[in-house]
*Asks:* 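Got a structure for you, written out below as structure tokens; questions coming shortly.
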Amino acid sequence: MSVETKQFQAEVKEILDLMVHSLYSHKEIFLRELVSNASDALDKLRYEEAKNADLATSGDEKYIRLIPNKDGKTLTVQDNGIGMTEDEVLSNIGTIARSGTKEFLKKAKEAQNSPELIGQFGVGFYSSFMVADKVRLETEKAGSQERIIWESTGDGSFTIEKIPATGKQGTAITLSLKTFEDDESAQNFADEWTLKSTIKKYSDFIEFPIKMEVTKEEPELDDEGNAIEGKTKTTIEDETLNSRKAIWLREPKDVKDEEYNEFYKHVTHDWTEPVERVFYKAEGSQEFRALMFIPSKQPMDYNYRDAKWGLSLYVNRVFIMDNCEELLPPHLRFIKGVIEANDLSLNVSREILQKDRQILAIKKALSSKILKTLKTLLTKEREKYEGIWQNFGSTIKEGIANDFANKAKLEELALFHSNETEKLTTLKEYVERMKDGQKEIYYITGESLKQVECSPYLEKLKQKNYEVLFCVDPVDEWVLQSITKFDEKDLRSITKEGLELDSEEEKKQKEEELKSKEEEYKSLLRTIQGAVAENVKEVKLSPRLVDSPCCLVSGAYDPSARMERMMESMGQSMPKSKRIMEINPDHPVFTRMQGLAEDKQKEWAEILYNQALLTEGSPIEDPMKFSKQIANLMSEA
Ligand code: ADP
């Protein structure tokens, strides 16, 4: 049979290069990756068998086998799982299909400088090249006519060869082990003890037996069964190295934290420990068990648009699918883990899952269990909860707008920045701090804490000592709009019209003052209105401001300026709603303006409008003109 030589995809070359030169000290993770692939391959085969009982492989015991060869310095990891066709080898092993490959590479390269990070990447098969200078993969797909041999030394190319099938499906990966002569701590992966302890550490819960022939030295016995001194005999026994129990089926009291954490790392490829785990066992009309985790940081691909999420689904210990999005609502997409639901059929498909009533019930149960856990953390372990919120709060918040049934619970879970506390606050805590006479809950949305902190909209509230929530997450625009009331108090955006902070008496007095000022400024206001009419629907005097001359506010039912900017950046431009320009009648600039000629008044009005845009974080249309106008002003001063 002919041997073909092919080039790796450029990205794979880079990954391989990183692996070959890796300084990562936990090189043993390659074994976890290979065993995990083997286990997936066995899962896939069992799934095929479950759907088609006539498959020839059905009766065979499924196993993974480690075959170390000390003299030949090789290690083989073999499985009798589903195997791969030539096409599958080419597309799975020679390319990286995942989304965000570039980003991935960039981070992987950064991690090369801090090698302890390399473990997070789940680089899978390629991690073999940390310990091997040549890798040979021999594989046969169940039912196929050919067997594929793939080989590479981790440089730019690999070879692929086809030979006739043997009728034994599965995959064997043989590593020619590197010798790390100048590194005394380097492990020898052809050594039985090293392999045993590595499997225990990383792969103990793998459901299929991981077998290895182990050499046992035993004292030789005489006829009466007594040990003969100085004489031993060597026997070889087949040993299963892992305990094999599906961890989610064990009672939590019997499982150590480390075991859970290892399992978490196996399912997520995360290298850090989860901050929280949630175990749920449902009995009665519907039986299922779920073992879920909250990661301690955002996964690397978390913010990619097509990042996969969801639990791994098992039915009767048969792996059905991973990334099962149907079992959790999207705002809990950071939750990782497994669920086993034995009432479902093995043939369950995504289409069925989307409509299945049982699935809906499970989803509801899991969702409330998680919300309950979060609530407990909020009340009992605030610091931990705040950490979770920093990572996943903006995701959880989406539920307030989307999950009507749990809206109230989610509102209680939400944390906000505010001008009054260093720490994050809940709405409930905000309400407890509300001042006498304060009727509403105030918030401001904006790009950054820095920007909202010095916003002119805050001036009056600061003067009144009212607390304002700072909402600087992009989702806040939607989320806050959907919380109309909390604890009977209205939520009010301080950048929109209709903000009333004064008592009835103060209001009356202000109104009178404003009326007389309006009279005084009548023609000036008309001129300003004329100058900015294109973007502003109304110019009016307002008691909102203290130090700033003016600001732009949105109509109570119009989208905020930031919402418009966000929609625009997503390519969904909406008709621009005209804003209201509110003017601080006590600001000296207007007294000055009164005395100017009309064309000067117009120019100043434009400057004031642009300044208002800048302070709210919006771009100005013609920065060139604006700078010129300012320069003119300065030279005239
Ligand atoms: P990952 O496991 O993260 O998908 P890998 O690079 O480890 O990435 O593997 C790529 C793909 O190659 C796997 O998804 C699987 O389809 C295939 N594969 C790897 N090892 C095996 C194996 N032992 N048996 C069958 N298929 C395998």
Side-chain angles (χ1 to χ4, degrees), residues 8-9 11-16 18-20 29-49 57 60 62-67 75-101 104-105 108 118-132 135-144 146-152 154 158 160 165 168-175 202-203 206-211 265-271 299-301 307-308 312 319 321-323 336:
F8 283 114
Q9 186 194 12
E11 284 87 356
V12 176
K13 265 187 210 169
E14 287 189 61
I15 294 273
L16 282 173
L18 287 176
M19 290 300 119
V20 169
I29 60 147
F30 85 90
L31 190 57
R32 173 188 74 190
E33 301 294 322
L34 294 186
V35 165
S36 169
N37 283 349
S39 165
D40 291 346
L42 290 162
D43 268 334
K44 285 180 197 155
L45 179 64
R46 186 168 53 180
Y47 176 62
E48 288 304 319
E49 290 172 353
T57 53
D60 299 350
K62 296 184 173 51
Y63 65 86
I64 299 163
R65 180 173 287 285
L66 305 186
I67 309 165
L75 169 67
T76 301
V77 180
Q78 184 202 348
D79 67 70
N80 60 349
I82 188 90
M84 283 179 273
T85 62
E86 183 185 15
D87 283 350
E88 283 167 341
V89 172
L90 289 175
S91 64
N92 293 337
I93 306 292
T95 50
I96 301 183
R98 66 186 101 215
S99 59
T101 307
F104 171 82
L105 261 172
I118 207 85
Q120 77 182 284
F121 294 118
V123 278
F125 175 76
Y126 304 115
S127 60
S128 314
F129 287 96
M130 290 198 293
V131 298
V135 177
R136 173 192 164 93
L137 174 145
E138 191 170 328
T139 186
E140 183 172 324
K141 179 100 173 189
S144 160
E146 29 180 58
R147 202 170 170 82
I148 310 299
I149 300 169
W150 176 103
E151 245 181 51
S152 174
F158 60 89
I160 196 152
K168 291 201 172 99
Q169 89 292 342
T171 303
I173 292 166
T174 301
L175 312 181
Y202 290 107
S203 315
I206 293 284
E207 197 202 321
F208 304 98
I210 304 169
K211 298 186 180 197
K265 290 178 188 171
H266 165 70
V267 290
T268 58
H269 291 302
D270 188 358
W271 91 109
M300 219 173 50
D301 61 353
K308 295 214 164 54
S312 297
F319 169 78
M321 65 178 82
D322 49 17
N323 308 314
K336 305 277 183 187

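Counting starts at 1 for both ligands and their atoms, following the listed order.
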*Asks:* Using a 4.0 Å heavy-atom cut-off, which part of Thr139 comes near ligand 1: side chain, backbone, both, or neither?
*Replies:* neither
*Asks:* List the atom of Lys62, the atom of Phe208, and the distance in Å for their closest heavy-atom pair.
*Replies:* CB-CD2, 3.8 Å
*Asks:* Return yes when Glu33 approaches ligand 1 closer than 4.0 angstrom through a heavy atom, no otherwise.
*Replies:* no
*Asks:* Examine ligand 1 and decide if any of its atoms is less than 4.0 Å from a heavy atom belonging to Glu88.
*Replies:* no
*Asks:* Looking at every non-hydrogen atom in both residues, tell me the closest pair between Gly83 and Thr139 and how far apart they are.
*Replies:* CA-OG1, 3.5 Å
*Asks:* Where do Lys168 and Glu140 land on the salt bridge (Lys or Arg N to Asp or Glu O under 4.0 Å) test, with the steps shown first?
*Replies:* CA-CA 7 Å; Lys168 291 201 172 99; Glu140 183 172 324; over 6 Å; no
*Asks:* Show the nearest heavy-atom pair for residues Gly154 and Val20, with the distance to one decimal.
*Replies:* O-CG2, 4.1 Å
*Asks:* Using a 4.0 Å cut-off to any heavy atom of Lys44, which atoms of ligand 1 qualify?
*Replies:* 16 (O)
*Asks:* Taking distance alone, with N or O pairs closer than 3.5 Å, would you say Asn92 contacts ligand 1?
*Replies:* yes
*Asks:* Can an N or O of Tyr126 be found at a distance shorter than 3.5 Å from an N or O of ligand 1?
*Replies:* no
*Asks:* Minimum distance, heavy atoms only, to atom 7 (O) of ligand 1: which one of Val35, Ile15, Asn37 is it?
*Replies:* Asn37
*Asks:* Quick check on side chain to side chain donor-acceptor pair (under 3.5 Å): which of Glu88, Gln169, Glu146 does Lys141 satisfy it with?
*Replies:* Glu88
*Asks:* Can you name the nearest heavy-atom pair linking Ile64 to Val77, along with the distance?
*Replies:* CG2-CG1, 4.3 Å
*Asks:* Ligand 1 and Phe125, any nitrogen or oxygen pair closer than 3.5 angstrom?
*Replies:* yes
